[in-house]
Engineer: 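Could you have a look at this structure, given as structure tokens, before my questions?
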Amino acid sequence: MKLLVLVKQVPDTATDRHLDAESGRVDRASSDAVLDEINEKAVEAALQLREAHPGSSVTVLTMGPERAAEAIRRALAMGADDGIHLIDDRLAGADTATTSHALAGVLKELSFDLVIAGNESTDGRMGAVPAMIAEILGLPHATFLQHFEVTNRLVKGQRPHHGGYLEIEAALPAIVSVTEQAADARFPNFRGIMAAKKKPLKTLTLSDAGGPRQADAGDGTCRILRVSPRPARTGGEKFTDDGTGAARIASFLTEAKLI
Amino acid sequence: MATVALGSKQQLLADLAAIVGADHVLVGEDLTDQYSSDMQPLAAGGTPLAVVRPASTNEVAEIVRVCAREGIPVVARGAGSGMTGAGNAIDGGVSVVLTRMNRILEIDESARLAVVQPGVVTSDLKLAVGERGLFYAPDPTSSAWCTIGGNLANGSAGPCGSKYGTTADAVLALEVVLASGEVLRTGRKTIKGVSGYDLNRLFVGSEGTLGIITEATLALRAKPASPATCVAAFESVQAAVDAVTEFLAGGHNLSLLELMDRPCVAAVEESLGASLLDEAGTPAAVLFGQSDSGRSDDLEAFEASCLNNGATFAYQTADAAEGQMLMQYWHGLEAALETKGQWILHEVTAPRHDMAELIDEIARISENTGIWIGVHGHAADGTVHPMIVIDPADPHEISLARDAYNQIIEAARSLGGTVTGEHGIGRMKKTQLAEELGDVGLTVHRAIKQALDPFQLMNPGVMFDAPSLGRNP
């Protein structure tokens with residue numbers, strides 16, 4: 001089986017993350033960048049599938065600036081076989097639609113059986129790219145799966161839904177996305193880290209990536225109207241408990257709609 | 001325990017509140033419990049009369065005078081990251097927490113020095129001077145939260161010690177509040193200075209027993225290059241130690257050279273869900289090396305020494321992202337051990353070439369006591385950190401851990417090592433310190449203590465016992 005994993009390099013959620021005050025874009029320079037944790041799970045799912053279906057391969061695809069290659073190398077160190085890096089200045093600040101068109105353009109030129117993605121990135125948090133790509137390519141999508149398997153050219157999985165599960169299946173080729181409940185990702189080991197450097201990593205620009213529609217940042221469907229910083233934390237309210245403490249705490253919580 | 005009459009106690013608390021403000025005098029176990037002990041579970045913390053949080057040297061001096069007047073012992077404290085109970089509260093004493101004094105007062109780029117208050121967090125200082133292209137070298141592994149004051153009182157070191165020295169080597173000058181309440185300035189701002197006794201080195205490592213450090217002038221260096229990393233795996237600890245011996249004999253050094261034994265590596269493998277090398281079996285020892293020289297010859301020599309001494313795997317990289325992935329196997333140890341129980345980070349230091357023997361002996365101690373012990377250490381200077389892991393709710397395990405703790409100190413000393421190379425004495429190693437110092441050494445220590453703190457105000461019961469003053473200590 002040819003497995004393809006979509007990955008993204010994002011600001012580390014463990015550090016302070018910032019938006020540029022004017023453009024509203026993520027200020028990628030101001031914090032550490034990591035392979036988005038949900039994508040690690042997607043890579044892990046792909047590696048486990050490869051183990052279950054001998055002869056399979058795992059390719060990792062990302063769209064991002066130069067640094068994003070680190071995310072690919074992390075996935076390669078985990079055990080993926082090769083990587084593709086779509087890098088083009090015209091894609092800076094791309095919105096969800098632009099991103100989806102660009103990635104679909106790359107995928108159109110590849111043969112694959114299953115695309116595995118994370119359900120939602122920790123920076124953009126739109127959660128829509130996997131489904132958008134599927135629509136563009138005319139493929140089925142089975143998203144927000146906490147677990148899935150592949151048998152006889154069908155992918156079957158469970159999507160949590162209102163306290164229960166939907167059982168979803170789709171015929172390959174298809175696109176799936178995994179949730180936080182998916183299996184924990186393995187950490188790259190010494191041999192994997194050493195081997196990653198030698199694995200193929202292809203770099204593409206928009207001109208190389210064909211596709212049903214030439215993507216361009218100006219074609220985006222979303223426009224940022226305004227960016228404002230989170231309001232500063234206030235000092236809170238301080239009072240001495242003269243016996244009315246419990247009642248005052250209760251009314252504070254009620255006013256804040258916390259109880 | 002100091003006993004104070006009730007009226008006198010109220011007066012003391014009122015006096016303290018007048019100095020620091022009522023908001024910064026904490027009374028009652030709900031509030032003081034978090035300041036009771038440090039990171040050493042085997043040293044019980046006491047219940048203080050109050051915890052006070054001063055904001056200036058003057059406030060510290062006034063606090064000391066007020067406590068001296070009442071004969072109340074004083075414990076200075078930073079973040080509480082210590083491993084020997086030196087920052088533990090004393091029953092009925094006053095704990096002086098210095099974390100509000102957290103300003104970097106000056107960074108002098110041309111003189112390459114920084115003037116800081118004791119509550120500055122070590123990594124904050126490193127970041128701040130880093131922005132000016134400078135480098136504060138000492139790197140205790142708790143840098144993300146430990147304070148400069150604690151580093152000074154302890155004489156802390158870190159992985160870069162064999163290349164850049166310890167905290168003591170970075171001190172140019174100090175400001176210290178003495179037991180008398182007077183404020184002493186030691187040292188100088190110049191690169192060299194031998195005016196009078198070297199009081200810097202008296203107070204660094206004095207663990208709060210001679211005074212409270214309220215300001216420090218620290219030497220800085222030029223910012224080194226981003227580190228390149230090399231890791232190597234071995235089938236015996238001795239092979240790893242031999243590799244380091246050969247490497248150092250070539251006249252090289254590294255900014256980080258750490259060793260981990262099999263139990264530690266296995267714990268990290270389990271926690272990361274990855275076996276270090278694909279082959280079955282965890283290596284007996286792994287060396288992590290980093291060079292910040294910007295040249296490649298030191299790491300090349302290191303890799304060569306590893307391979308010459310039977311390394312089953314060796315790999316070096318100048319790529320920062322790759323280096324970070326490799327180093328996660330070292331950084332991830334404490335988190336890995338947390339899933340096994342409570343860890344006690346022990347420290348003993350032996351002659352560097354005897355490290356393998358010491359680690360093997362520690363493995364024997366682990367087997368005999370039935371307590372899990374994994375060892376990592378600074379391979380270039382002979383300091384080993386046995387990690388003793390226990391179930392803190394099991395008194396039997398606690399007792400066995402204490403046995404193991406003391407046996408490990410014995411093992412280091414019998415190899416010609418020392419009771420402590422970096423963590424200090426605190427309340428954990430007093431007996432062994434007395435043995436190591438010998439009668440004359442202990443007498444000199446007591447004479448110095450007597451000269452600077454005749455009424456045993458400063459952190460009594462830590463490091464060594466002074467002769468009884470004829471009242472309950």
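Numbers restart at 1 for each chain; the letters A, B, ... are given by sequence-line order, proteins then strands.
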Engineer: Are more than 12 heavy atoms from other residues, nucleotides or ligands located less than 6.0 Å from atom CD of A/E51?
Structural biologist: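 Counting neighbours around CD of A/E51, more than 12 heavy atoms of other residues, nucleotides or ligands fall under 6.0 Å, so yes.
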Engineer: Looking at every non-hydrogen atom in both residues, tell me the closest pair between A/R186 and B/G273 and how far apart they are.
Structural biologist: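 Scanning both residues completely, I find the closest heavy atoms to be CB-O, 3.9 Å.
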Engineer: Once rounded to the nearest 0.5 Å, what's the spacing between atom CG of B/L272 and atom CG of A/D184?
Structural biologist: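 Going from CG on B/L272 over to CG on A/D184, the span is 11.0 Å.
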Engineer: If you draw a 6.0 Å radius around CD in B/E235, do more than 12 non-hydrogen atoms from other residues or ligands fall strictly inside?
Structural biologist: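 For B/E235, atom CD is not crowded (no more than 12 foreign heavy atoms under 6.0 Å).
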Engineer: Under 4.5 Å between any side-chain heavy atoms of A/K238 and B/D23, yes or no?
Structural biologist: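 When only atoms from C-beta onward are counted, B/D23 and A/K238 do touch, with a gap below 4.5 Å.
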Engineer: Any chance you could lay out the side-chain contact (heavy atoms from CB on, under 4.5 Å) test for B/Y315 and A/R191, step after step, and finish with the verdict?
Structural biologist: CA-CA 9 Å; B/Y315 178 64; A/R191 292 214 184 279; over 6 Å; no
Engineer: Could you grab the distance from atom CZ of A/R74 to atom CD of B/Q324, nearest 0.5 Å is fine?
Structural biologist: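 Output value for this atom pair is 9.0 Å.
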Engineer: Might you confirm whether atom CD of A/E37 has over 12 heavy atoms from other residues, nucleotides or ligands at distances under 6.0 Å?
Structural biologist: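 Not more than 12 within 6.0 Å, no.
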Engineer: Count the heavy atoms of every other residue, nucleotide or ligand shown that sit under 6.0 Å from CG of A/D241, and state whether that count exceeds 12.
Structural biologist: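 Yes, CG of A/D241 has more than 12 neighbouring heavy atoms, counting only those of other groups under 6.0 Å.
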Engineer: Name the region of A/A77, side chain, backbone, both or neither, that has any atom closer than 4.5 Å to a heavy atom of chain B.
Structural biologist: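 Side chain only.
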Engineer: Would you compute the distance between atom CZ of A/F187 and atom CE of B/M325 and round it to the nearest 0.5 angstrom?
Structural biologist: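 The CZ atom of A/F187 sits 7.5 Å away from the CE atom of B/M325.
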Engineer: Which residue, B/L277, B/L276, B/D278, forms the side chain to side chain contact (heavy atoms under 4.5 Å, CB included) with A/N189?
Structural biologist: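 Of all the options given, the one that passes is B/D278.
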Engineer: So does B/K126 have more than 12 non-hydrogen atoms from other groups sitting under 6.0 Å from NZ?
Structural biologist: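 Atom NZ in B/K126 is packed in, count exceeds 12.
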Engineer: Can you list the residues that meet the side chain to side chain contact (heavy atoms under 4.5 Å, CB included) rule with A/E22, with sequence neighbours excluded?
Structural biologist: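 Partners of A/E22 by the side chain to side chain contact (heavy atoms under 4.5 Å, CB included) criterion, ordered by chain and then number, come out as A/D20.
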Engineer: Could you go through the salt bridge (charged side-chain N to carboxylate O under 4.0 Å, His left out) check for A/K197 and B/D319 one step at a time?
Structural biologist: CA-CA 10 Å; A/K197 245 199 203 124; B/D319 181 288; over 6 Å; no
Engineer: For atom CD of A/E180, decide whether the heavy atoms of other residues, nucleotides or ligands shown that lie under 6.0 angstrom number more than 12.
Structural biologist: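 No - once you tally the heavy atoms of other residues, nucleotides and ligands closer than 6.0 Å, there are 12 at most.
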